[in-house]
Amino acid sequence: MILVLISALLPIIVTLCLGYFSGARKDFGESHSKILNKLIMSYSLPMSLFGGILATGRKVIFENIPVAIWIFIGMVGGYLIVFSICKFILKNSTSLSALRSLTISGPAIPFVGPTLLGFLFPTETSLIVAIRSLIMNVVQVPLTVILLSTDSYELSASNKNRKINNLGLDIISAFKKPVVWAPKQPVF
């Protein structure tokens with residue numbers, strides 16, 4: 001078991017050390033990091049996930065529906081548990097509770113997932129990363145944005161009906177807005 005953990009975590013540790021030492025030697029500046037981030041986030045990572053999902057057969061996708069359900073329960077349930085603890089036990093504001101919930105229950109799966117899960121689950125890595133990314137971007141992030149917008153309504157707590165009506169209108173207007181799935185076109 002220790003050997004499996006070391007083998008899964010070693011590429012991440014080596015990459016972090018390489019980044020640290022290259023930064024200490026001033027091999028890369030701030031402009032380089034922006035370019036590398038854009039390359040990875042706009043091209044490498046999406047194409048890697050897309051290629052992995054395309055290579056996954058339909059049978060494998062349907063076999064992993066229970067996995068998707070458990071991932072959903074774990075991520076959304078974890079979000080709600082952390083939010084409840086922060087809001088009702090620690091008495092934090094709604095926005096702070098929402099941010100803490102997203103930070104704790106929203107894993108950085110697109111970044112570390114292919115490395116860690118690729119070693120542990122070689123055939124289903126892209127599918128698991130895609131499911132977790134979808135849950136985070138379709139459920140957790142919109143819920144956090146909605147909860148962040150409620151803080152302005154909490155400041156005017158004297159008008160409770162207005163708070164509920166405005167929150168409801170915000171949710172309805174969020175669903176009415178068009179979603180554009182096309183990538184940003186480069187400007188030449």
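Along the sequence shown, residues are numbered consecutively beginning with 1. Note that these values count all heavy atoms, side chains included, but never hydrogens, waters or copies made by symmetry.
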What's the spacing between [X] [atom1] and [Y] [atom2] if we round to 0.5 Å?
X    : Y    : atom1 : atom2 : result
R132 : F72  : CZ    : CZ    : 13.0 Å
L96  : F83  : CG    : CZ    : 10.0 Å
S97  : L148 : OG    : CG    : 10.5 Å

Treat each ILVMFWY residue as a node, draw an edge where side-chain heavy atoms are under 4.5 Å apart, and state whether [X] and [Y] are in one component.
X    : Y    : result
I81  : L90  : yes
L80  : I71  : yes
I131 : V141 : yes
I73  : V76  : no
I69  : F62  : yes

Worksheet item: Under the 3.5 angstrom rule, does the side chain of K26 hit a backbone N or O of G23 as a donor-acceptor pair?
Response: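 It does not hold such a pair.
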
Discussion item. Using the salt bridge (charged side-chain N to carboxylate O under 4.0 Å, His left out) criterion, which residues pair with R25? Sequence neighbours excluded.
Written reply: D27

Worksheet entry | For G19 against S22, the heavy-atom pair lying closest together | O-OG, 3.0 Å

Discussion item. How close do P142 and M136 get, counting heavy atoms only, and between which atoms?
Written reply: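 The pair with the smallest heavy-atom distance is CD-O, 4.3 Å.
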
Practice prompt. Using the six-membered ring wherever Trp is involved, compare the ring planes of F28 and H32 and label them parallel, tilted or perpendicular (cut-offs 30° and 60°).
Written response: perpendicular

Worksheet item: Does any non-hydrogen side-chain atom of Y79 lie less than 4.5 Å from one of V139?
Response: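 SC-SC contact between V139 and Y79 ruled out.
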
Fill in: side-chain contact (heavy atoms from CB on, under 4.5 Å) between S105 and M75, intermediate numbers included
CA-CA 6 Å; S105 68; M75 289 179 68; 5.8 Å; no

Worksheet item: Tell me the salt bridge (charged side-chain N to carboxylate O under 4.0 Å, His left out) pairs involving residues 57-69, sequence neighbours left out?
Response: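 Output for this query is empty, none listed.
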
Worksheet item: Picking from N92, V82, L147, T94, what satisfies side-chain contact (heavy atoms from CB on, under 4.5 Å) with K87?
Response: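 The passing option is T94.
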
